[in-house]
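Sequence lines set the chain letters: A, B, ... in the order given, protein chains first and strands last, and positions in each chain run from 1.
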Number of protein chains: 4
Amino acid sequence: MPRPIDPARRRARRLQIIDAALTAFARHGYAGATTAEICRIAGIGSGTFFHHFPTKDSVVAAILEQGTRETREFFGGRAPGTPPRQVLFDFVGHAAADLADPRAAGFITVVGGLTARPEIAAALRDDENTLRACLREVVAAAQDRDEVRTDLTADRLALWIVLLVDGFAGRVAAGGFDVTAETPLLVDQVALLLDGSRPGPSQ
Amino acid sequence: MPRPIDPARRRARRLQIIDAALTAFARHGYAGATTAEICRIAGIGSGTFFHHFPTKDSVVAAILEQGTRETREFFGGRAPGTPPRQVLFDFVGHAAADLADPRAAGFITVVGGLTARPEIAAALRDDENTLRACLREVVAAAQDRDEVRTDLTADRLALWIVLLVDGFAGRVAAGGFDVTAETPLLVDQVALLLDGSRPGPSQ
Amino acid sequence: MPRPIDPARRRARRLQIIDAALTAFARHGYAGATTAEICRIAGIGSGTFFHHFPTKDSVVAAILEQGTRETREFFGGRAPGTPPRQVLFDFVGHAAADLADPRAAGFITVVGGLTARPEIAAALRDDENTLRACLREVVAAAQDRDEVRTDLTADRLALWIVLLVDGFAGRVAAGGFDVTAETPLLVDQVALLLDGSRPGPSQ
Amino acid sequence: MPRPIDPARRRARRLQIIDAALTAFARHGYAGATTAEICRIAGIGSGTFFHHFPTKDSVVAAILEQGTRETREFFGGRAPGTPPRQVLFDFVGHAAADLADPRAAGFITVVGGLTARPEIAAALRDDENTLRACLREVVAAAQDRDEVRTDLTADRLALWIVLLVDGFAGRVAAGGFDVTAETPLLVDQVALLLDGSRPGPSQ
DNA sequence: GATGAATGAGCTTTCATTCAT
DNA sequence: TATGAATGAAAGCTCATTCAT
């Protein structure tokens, strides 16, 4: 008599494990976070873990995929009338806000060193491509409306926005960095990037 | 009768191991780079490895310490007359050039996830503190000469220079990033940071 | 849903490993008895070994603790009316009988050289203290009833009983020693110790 | 120009190493006493160690052989007129005196667990055989003169003298045992052994 | 589904021993 | 003779993963 699988319960379990994994990764690094530790934090047995995720790597991938999904949702969810340039700043603020959870910054740093794991690398590439595609599109729209400099391609500007946000995340992970206090400077720096005023006469 | 031990030979061996480790770490990540692999690359036996480094972690620490030393040498070696602002740009260029060795970028990314290892974390803190102290000093000097904005503390500007360089390194490690082509934009971005928001003439 | 964990099964596994370890230690000494060898004898994988004992040392400690427990049970289980002097002889006989298992004698000899291992040393001290405390108490009771000489303290007599039994064990381990044939002499020697009549040093 | 090998110097080196080894073995056990540690204590390089002893085991064997030699010298050096029974007590006193060096007791305990090493086992057997042969001869002479009981064979009495001395050594190694205070009791115990049980064994 | 005992490949590290100098 | 850098076999131990219950 197969118990009717409750998809909601399943999803909740997955989230519970993902959350525990996030905590463990941020606390001990990837290798240091054993599946046993994750299970302990999640309050489950190891068997349960592998019922929901085929491998340890796959949890990382799942976390990344969730991030990718959220990215897509973020850009998809903007009010249609919002000026593209504004969307970019909204995104930066959104990303900075995410980093207020210190586990997020820790996770990003940890995951950076995992490119040797094929599954993780793929998820990482996916995440990055999605983000850059979304940004590129918005940047291009902003360029069309002359809200953003046009001497650099939309792609390159998107890349540099990612660069700034990643550098920001790195500082958060390094510690001693006040996210809320520094966010305005991040926004400024993005503005400078988008405006491109260079030494010599400013814009 | 005791063979006169040759310290130069010792140092050479250490460098040889460090070099092999750098290659292995960049190629396979920290956990994936087994000591056996490092030894194979270095062309030595495992005993020799541990003759020179007490643990695998200690190699990472040694690499970081070498970087710290080089940082100190870089700032110590500037011609006395060089304008501080110029020193900052020299540093950025220098850092970008270092990243042309793709192993450097890989290593930086890998080492980011290793804060759970006490010895490595300590070396990492050391490196960061040294770099920021050096930068802070130069930034302060530049501020004294009005070469750099003064609405932000020297410390904070130093921090953001590090942020930019680290973000840059992250992009290099992510791949598909042309270091030499992007370096000018990095310099621009640092200039914009040092000059501050647009209203008013820059520099 | 959780399979009801069977503590009896766990205990049986532990005993199985302890038994294998006893065999291996007696056969090859401590260092010579690799965990791999113990596992082979026990018919288990190495993971199983470390699932039940955190370290190789801990097996030795567990064996000793089991001995301590048996000592306590032995003295606790004497019929209340038994004359103390008789209890002492019962103990000696019991100890000698234990040594009929050649692994026991081998183990005792092996463990003697392991005082440098903190965990083992602690278990060893514990075992010894327990035994001597039990013996001391019985000896004291025997002295109260005038069954045993009183010119030596109960503690010292207990110590010398241990000395005799250990010396006996040493001979067993050395080989070529017929336990059953020699046991009466051990009993005699203990009797001589307890009576202490000495004819003067020479003849 | 081969330096003329000075045999005295060679012997001195050997003794120096043996002494260091004795210290190390007593301090850390056999496995815990690395050749490196022995070399450090002896103040020599590892190469020198292996110039004088082909293996680590051979040092143990050499120590044992030295003991064997001393045993032989002891029995060979008795004044011809000494009554055999007196020789036995002299030996016991001599052995007890040796154990005043705590390293000796430690070494004996350590070496007991090394029967798995062929070379050591051989030396151990040799030592034991020599000792027992010497003792047996003296005991037999004492029996001839009616100084010692004759209801037990000389061989068996020799064995039990060894048993008592070994038990004594074990107590010394266990610690908290005052050699000089306990030596008289050892002598008593040997006397009781040699004279045999008096009528009325129990009580 | 959930569990945790069992597994064993694979890791880092140790250390007796060799040998060129 | 004396040295210590180099060696590599072998050890203890970890941990992701499997599977009977």
* To do: Remember a base hit wins even if backbone is also touched, and classify A:Arg9 as base, sugar-phosphate or nothing at under 4.0 Å, heavy atoms.
  => nothing
* Among B:Ile38, B:Leu114, B:Val111, the one residue meeting side chain to side chain contact (heavy atoms under 4.5 Å, CB included) with B:Phe25 -> B:Ile38
* Derivation of the side chain to side chain contact (heavy atoms under 4.5 Å, CB included) call for D:Arg13 and D:Ile44 -> CA-CA 10 Å; D:Arg13 261 278 194 268; D:Ile44 58 170; 4.1 Å; yes
* Asked: Yes or no on side chain to side chain contact (heavy atoms under 4.5 Å, CB included) for B:Leu64 and B:Asp126, after CA distance, side-chain angles and deciding distance?
  -> CA-CA 9 Å; B:Leu64 287 169; B:Asp126 243 46; over 6 Å; no
* Name all pairs fulfilling the side-chain hydrogen bond (donor to acceptor under 3.5 Å, both in side chains) condition that reach into residues 39-53 of chain A, sequence neighbours left out, sorted by first residue then second. => A:Glu37-A:Arg40
* In which ranges does DNA chain E form stems of 3 or more consecutive Watson-Crick or G-U pairs, distances under 3.5 Å? -> E:2-21 with F:2-21
* Structure fact -> Within residues 42-57 of chain C, the residues having a heavy atom closer than 4.0 Å to DNA chain E are C:Ile44, C:Gly45, C:Ser46, C:Gly47, C:Thr48, C:His51, C:His52
* For the residue pair C:Arg27 and D:Ala116, what are the closest heavy atoms and their distance? -> O-CB, 4.4 Å
* **C:Phe49 versus C:Thr55, closest heavy-atom pair with distance** => CE2-O, 4.2 Å
Taking atom [atom2] of [N] as reference, at what distance in whole Å does atom [atom1] of [X] sit?
| X | N | atom1 | atom2 | answer |
| --- | --- | --- | --- | --- |
| D:Ile38 | E:dC15 | CD1 | C1' | 12 Å |
| B:Arg10 | F:dT3 | CZ | P | 17 Å |
| C:Tyr30 | F:dA10 | OH | C1' | 16 Å |
| D:Arg11 | F:dT1 | CZ | P | 13 Å |
| A:Arg40 | F:dC15 | CZ | C1' | 12 Å |
| C:Glu37 | F:dA10 | CD | P | 14 Å |
| B:Arg13 | F:dG4 | CZ | C1' | 13 Å |
| A:Gln16 | E:dG1 | CD | C1' | 13 Å |

* Asked: Would A:Gln66 and A:Arg69 count as having a side-chain donor-acceptor pair, cut-off 3.5 Å?
  -> no
* Distance in Å, C:Thr35 OG1 paired with C:Ile17 CD1, rounded so as to fall on 0.5 Å steps -> 11.0 Å
* Asked: Just to confirm, is there a sub-4.0 Å distance from OP1 or OP2 of E:dC15 to any side-chain nitrogen or oxygen of D:Thr34?
  -> no
* To do: Would you tell me if any nitrogen or oxygen in the side chain of A:Thr35 comes within less than 4.0 Å of OP1 or OP2 on F:dC15?
  => no
* Asked: Is there a donor-acceptor contact under 3.5 Å from the side chain of B:Arg103 to the main chain of B:Asp19?
  -> yes
